Structures are given as C-alpha cells and as structure tokens.
Amino acid sequence: MKVGIDSISFSIPKIHLPIETLATNRGIDPLKLIKGLGLQKMALLDVYQDVITMAANAAHKLLKNNPTIAPKEIAKIYVGTESGVDSSKPIASYVIGLLEQIYGPRSFKNCDAVDHTFACIGAVDAMQNAIDFVKANPTKKAIVIATDYAKYDLNSTGEYTQGAGSIALLITANPRILAFESQTGVATESVFDFFKPRRTVSKQAITGATTNEPWQGVLETEIAIFKDQPVFEGQYSNECYIKQIREAYQDFKAENDLKDQKVYKNWEAILMHLPYCYQGRRTFYEIVLDENPELVNRLAEDAKDQIKAFSKSEAFMQLVQTKIAPSEIASGQIGNIYTGSIFLGLLSTLTHFATTNKAITGKPFGFIAYGSGAKSKVFEGIVQPNWQSALPKQSIFDALNLSTAISFDAYEGLHKKEIKTAVIAPTNEFVLDFIEKEDPNLVGARYYRFVQ
Ligand SMILES: CC(C)(COP(=O)([O-])OP(=O)([O-])OC[C@H]1O[C@@H](n2cnc3c(N)ncnc32)[C@H](O)[C@@H]1OP(=O)([O-])[O-])[C@@H](O)C(=O)NCCC(=O)NCCSC(=O)C[C@@](C)(O)CC(=O)[O-]
C-alpha cells in the first residue's frame with residue numbers, strides 16, 4: 001500500500017525586507033548576497049504573527065482545500081519546529097485550540113498532538129512518524145506542520161538568511177502527490193554547529209560589589225530574556241552539513257541495495273534543506289564527486305581547487321539548473337524557514353513543474369534533509385498521478401508576488417520588538433491576541449483569535 005503526501009499548503013508572512021536594503025545598510029556588497037548566496041528577500045513576521053498563527057493558518061488552509069475531510073478523520077497533528085514557545089505545552093496543542101475556534105468546540109478531541117524537535121529536520125521526523133502510523137492504520141489521516149521563525153542576531157552572518165513560514169502536509173494512504181516507499185538513509189553526530197541553549201540575559205548589574213570585596217555583591221533583579229536567536233558558527237555548520245549529508249546518502253544506498261548505482265542521476269528533482277537559497281548547489285557537488293571519484297583527486301595537494309573548479313563547472317551547473325534550481329525559487333524570496341525549508345523546496349518545485357507542464361508522474365524525487373546538532377536523512381518519494389490537483393489553490397509564487405517591502409527602520413523595529421502596531425492589517429487569518437504577563441518580562445498563557 002502506498003502512503004505519503006496527499007495535499008500541501010503554506011502560510012507565509014505578508015511583509016519582507018529586500019536583501020539589497022539589508023546589504024546597503026550593513027555595508028555588504030549586495031552582489032555577494034544576490035549572486036553568491038541567491039538571496040532576494042527576507043520574509044518577516046508582523047506584530048500579530050508567530051509560529052503558532054502560521055501553523056494554524058497553514059493547517060486551516062489545508063482543511064479548506066480538502067472540504068470532504070472532517071476534523072474527526074484527522075488522527076494526529078504532528079508539528080516539526082525548533083521555535084517552541086513553551087518547554088511543556090506543544091505548538092500542536094495550540095493548533096488544535098485554534099482550529100476548534102473554526103471547526104467547533106472539541107472537534108479535534110480524539111486527535112493525538114505532539115511536537116518533534118531536532119533543529120531543521122524535526123518536520124521530516126514528524127512526517128516519517130506520521131507515515132509509519134498511516135501504514136499501520138491505512139484508513140486514518142495525519143496532518144504534519146512545519147513551523148518556524150528563523151531569527152538571527154542583528155549584524156550576524158545569519159542575519160541575511162532570516163525568514164519565516166509554515167508548511168502543512170496531509171499524510172494519507174493512496175496519496176495524490178508523493179508516495180514514500182524506500183528505506184531512509186541516516187547519519188547522526190552530536191556537534192555544536194548551531195543550537196539554542198536557554199539563555200537568560202541579566203540586564204541589572206550586581207550592586208554593592210567592589211574590586212576588593214566582590215563577594216559582597218548582590219544581584220538585585222535578574223531580568224530573564226529568552227533569546228529566539230541561535231548560537232552558531234556559520235562555516236563550521238556548513239562543514240557539519242556536508243559531512244552528514246554525504247554519510248546519509250551512502251547509508252541510503254546501502255539500506256536500499258543501491259551500492260552500484262549513482263542514484264542521484266535517477267532523481268527528477270533534488271530537495272535539500274535550504275538554510276538559504278544556494279546551500280543545495282553549494283554543497284551537492286560533494287555527493288556528485290563521491291559518486292564520480294575519477295573527476296577529482298581528493299588526496300591531491302590542490303584537491304580544494306579541483307573541487308571548487310568542479311563546483312563551478314558547466315556540467316555541474318547543468319545538473320543544478322534541471323534538478324535543484326526549481327526548489328530554490330521560493331527560498332530566495334523567503335529565506336530560511338528551518339523545519340519547513342525542505343518542504344518549501346518541494347512546493348516550489350511542484351509549482352514550477354506545474355507551470356511548465358513538466359511530465360513528472362512516476363518519477364522519483366530525492367530528499368536530503370539536515371538538522372543542526374546534527375542529523376541528515378536521505379530518502380526518495382515517487383510522484384503520483386494526481387499531484388497537480390492537490391496543490392494549493394493560491395500558488396506560492398502568487399502569494400510571494402503580493403508581499404509588501406518594508407523599510408530598514410521598520411525591519412529593525414520589528415526585530416527588536418519595538419513596533420507594536422500591525423504593518424499590514426490582518427484578514428481571514430489567526431492572529432496573536434495577547435500574552436498574559438505577570439510582569440513585563442515573564443510571559444504566561446497566549447491567546448489567539450480568528451480575524452475575518
Ligand atoms: C551560510 C553562511 C555561513 C555563509 O557565509 P558567508 O560568509 O556570508 O558567505 P560565504 O563566504 O560562505 O559565501 C559567499 C559566496 O558569495 C560569493 N561572492 C562574494 N562576493 C561576491 C560578488 N561581489 N559577486 C558574486 N558573488 C560573490 C562568494 O564567492 C561565495 O560563493 P562561492 O564562490 O563559495 O560559491 C552564513 O550565512 C551563516 O553563517 N548562516 C547561518 C548558518 C547557516 O545557515 N548555516 C548553513 C548550514 S547549517 C544548516 O543548514 C542548519 C540551519 C542553519 O538551518 C539550522 C537548523 O538546522 O536548525
């Protein structure tokens with residue numbers, strides 16, 4: 001029996017900062033970001049949006065696009081995220097609460113709900129668990145939601161890769177879009193390339209301490225600020241990414257008895273985790289070279305130069321244009337959305353192929369997922385005959401064309417949480433209403449409502 005993605009939807013912010021505006025204000029050559037990393041825009045959350053509103057909006061759109069499915073048919077809502085707002089209450093439970101505002105009280109009362117966290121790969125884990133569940137219970141359905149806000153420190157090397165968005169997938173038997181049949185290749189290693197330790201920033205200095213008697217100091221008040229931004233090392237994170245994807249790719253071949261085949265050659269499209277638009281094309285040549293060792297002598301003194309030359313070669317660029325570039329179209333206009341990035345690449349590819357009338361039914365798509373910390377998974381999905389009928393009613397490209405550019409000052413104001421009024425008024429969507437606060441810095445329950 002085939003199990004996989006039956007339907008897909010998305011929720012993305014309505015405002016963005018043009019990458020050129022960021023580059024100019026930061027003194028970076030815009031061509032480095034545009035031509036070097038493929039960046040065009042950074043999608044940004046408005047004041048009433050967060051990872052929960054995006055998740056609920058994506059799930060609501062998924063259900064609206066599938067009006068014959070009743071809430072009670074959804075046995076599981078699994079969320080993949082690394083932007084949790086609480087160490088105990090999962091985003092999945094918030095999503096159920098929000099959906100019940102539309103579909104009626106307790107309409108999801110028998111639905112199992114949980115979050116999956118492993119940096120950017122959490123939604124792939126969520127999807128694979130949902131697939132295993134549906135394989136064992138073919139009459140049941142699951143919704144998987146990837147939702148994240150990729151926020152980095154101002155002036156950091158991550159700043160220009162920021163983005164936000166949510167992707168929702170309906171997982172069923174006999175899916176319309178993709179069926180997953182092969183074994184998954186995995187590579188895992190504990191590293192600190194990118195992580196989000198709980199950090200409290202004390203704004204109040206210790207008082208009463210002197211150089212001679214530092215022990216006399218009293219910490220008057222500690223103001224706890226949990227930062228959304230990660231601790232990371234950019235170039236090291238790239239090394240970890242490359243190491244794990246190469247190992248997971250080899251494991252995929254071993255798990256599926258494909259040791260003698262260059263499997264990427266069969267893949268019609270390659271969907272990689274894209275922390276920024278060109279990460280796929282800036283790393284996949286390593287796998288091509290592993291498969292074709294005659295192209296470069298990795299032990300030679302000038303191995304680095306040989307590898308660089310291959311990465312810019314016409315042969316490799318042709319592969320990029322046919323198999324990787326379709327997944328980059330949406331990424332360049334949104335930025336990193338962490339757990340959703342690989343599925344945004346899938347949506348971008350399918351939308352591009354639908355627009356260009358490409359015959360892809362029955363063809364395999366290769367998935368190369370990565371989550372910092374670190375883990376990579378490589379697996380394959382086969383395109384199903386009715387894939388076009390299951391795409392969102394409003395295409396991702398049309399939604400992106402409607403996005404509004406904001407000024408650099410507005411961007412910094414939103415980043416520092418200094419702006420309190422909506423940049424674009426909400427319509428037909430869930431919004432964050434208010435957060436209970438015991439004092440200005442300690443947050444409590446979060447309240448949401450649907451705005452017509
Ligand atoms: C990704 C990095 C490290 C990039 O770091 P960087 O220092 O901004 O850029 P770079 O030096 O690596 O590359 C710049 C490129 O621009 C080119 N360039 C230069 N000037 C020009 C010009 N004038 N005209 C045209 N091209 C130009 C230059 O030649 C080069 O291209 P290449 O030749 O190497 O292909 C940085 O943005 C960063 O720190 N990002 C945050 C971390 C990150 O995204 N890491 C990626 C791997 S880890 C991951 O994917 C997991 C993650 C982050 O999503 C989190 C999770 O799992 O939860």
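All ligand and atom numbering here is 1-based and tracks the order in the structure. Here the structure is a predicted model, which is why all the values come from computation and not from measurement.
- Distance CG/L344 to OG1/T351: 9.0 Å, rounded to 0.5 Å.
- Counting only N and O atoms by type, the side chains of N336 and S341 include a donor and acceptor under 3.5 Å apart.
- Looking at Q333 and S403, their side chains never bring a donor and an acceptor atom within 3.5 Å of each other.
- Protein residues with a heavy atom under 4.0 Å from ligand 1 are D29, L31, K32, K35, G36, L37, E82, A119, C120, Y152, T157, G158, Y160, T161, F194, F232, G234, Q235, S237, N238, Y241, H273, P275, Y276, Q279, R282, K308, K312, N336, Y370, G371, S372.
- Y152 and F232 have their aromatic ring centers within a separation under 6.0 angstrom.
- For F310 and Y285, the distance between ring centers is not under 6.0 angstrom.
- T161 pairs by the side chain to side chain donor-acceptor pair (under 3.5 Å) definition with nothing, not counting sequence neighbours.
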